[in-house]
Amino acid sequence: MIWAELLKIIRSGDARGWGQQVESAVLNLFGASMRKIVLTFGLIAGAIMSAVMLISFQFHDQIGFGKAGYIVGYTSMVLAFLLVFVGVKSYRDNVAGGSVSFGRAFMVGAMITAIASCCYVATWQVVYYKFMPDFVDKYAAYSLDEAKKSGATDAQIAEKNKEMAEFKEMYKNPLVNIAYTFLEPLPVGLLFTLAAATVLSRKRRTEAV
């Protein structure tokens with residue numbers, strides 16, 4: 001296992017070339033075939049979400065922050081993360097010899113999800129900083145307008161305005177920006193990963209019976 005290999009590296013005390021040794025240990029565990037599958041399906045899934053984002057942001061004023069925005073965004077995520085199932089199945093059939101454990105299937109799906117989510121986050125950083133630097137201002141205005149329409153009191157509106165001001169300040173931090181963006185696709189991808197691992201490892205148990 002990789003942990004045993006890493007333990008050997010630590011005990012050896014050889015600081016030179018430890019990076020290459022760690023990389024070799026990781027490749028021994030995952031293998032080139034698994035890496036190819038994860039990268040292929042992760043990048044395709046990421047490309048789907050990124051493409052939809054790049055197209056839709058140009059019509060953001062028409063789409064807005066309401067239900068239409070959620071529908072567009074999460075539909076692209078659902079379509080993209082269908083590739084988690086395809087990727088895990090490809091790993092099971094072409095690398096694992098037709099059967100895969102739940103843990104290994106989940107790991108493959110989680111890595112595909114992570115790569116796709118990184119693509120999504122990277123694309124948003126470009127869109128936000130280059131094309132939509134006023135995104136938070138528009139979101140704050142929308143939130144306050146919705147609060148007024150819902151009949152909020154002056155005190156509640158003032159509180160909402162304070163929350164938006166704090167959020168805007170916090171969102172200026174790139175790490176916070178990245179963290180918030182990751183939280184959009186990641187739960188969807190993990191749900192698909194859980195479903196794929198459950199279904200594909202169950203087929204293995206069924207076929208064994």
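Bear in mind the structure is a predicted one, so any value in this text is a computation, not a measurement.
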To the nearest 0.5 Å, what is the distance between NZ (Lys149) and CG (Leu144)? 12.0 Å

Polar contact flag, side-chain donor to acceptor under 3.5 angstrom, Ser201-Ser101: no

Between atom OG1 of Thr113 and atom CG of Leu194, what is the distance when rounded to the nearest 0.5 Å? 11.0 Å

Sub-6.0 Å ring centroid separation between Phe85 and Phe192: no

Taking side chain as C-beta onward, heavy atoms only, is Thr193 less than 4.5 Å from Ile112? no

Compare all side-chain heavy atoms of Lys168 with those of Tyr139 and state whether any distance is below 4.5 angstrom. no

Applying side-chain contact (heavy atoms from CB on, under 4.5 Å), can you list everything that pairs with Lys138, at least two apart in sequence or on another chain? Asp61, Phe65, Asp134

Is there side-chain contact between Tyr129 and Asn177, with heavy atoms separated by less than 4.5 Å? yes

Does some side-chain heavy atom of Tyr120 sit less than 4.5 Å from a side-chain heavy atom of Met77? yes

Can you label the angle between the Tyr128 ring and the Tyr171 ring as parallel, tilted or perpendicular, going by 30° and 60°? perpendicular

Measuring from atom CD1 of Ile37 to atom CZ of Arg92, what distance do you get when rounded to the nearest 0.5 angstrom? 12.0 Å

Side chains of Gln156 and Lys148: does their closest heavy-atom pair fall under 4.5 Å? no

Short question: side chain of Glu169, backbone of Ala165 - any donor-acceptor pair under 3.5 Å? no

Of all the heavy-atom pairs spanning Ala80 and Met49, show the shortest one and how long it is. CB-CG, 3.6 Å

Going from CH2 on Trp124 to CZ on Phe182, what distance comes out if it is rounded to the nearest 0.5 angstrom? 15.0 Å

Rounded to the nearest 0.5 Å, what separates atom OG in Ser76 from atom CD1 in Ile71? 12.0 Å

Before giving the answer on ring pair (Phe, Tyr, Trp, His ring centres under 6.0 Å), spell out for Phe167 and Tyr180 the whole-Å C-alpha distance, their side-chain angles and the decisive distance to 0.1 Å. CA-CA 11 Å; Phe167 176 75; Tyr180 269 101; 5.5 Å; yes

Separation between CG of Leu200 and CZ of Phe106, rounded to the nearest 0.5 Å: 13.5 Å

Minimal heavy-atom distance between Gly46 and Cys119, with the atoms involved, is CA-CB, 3.6 Å

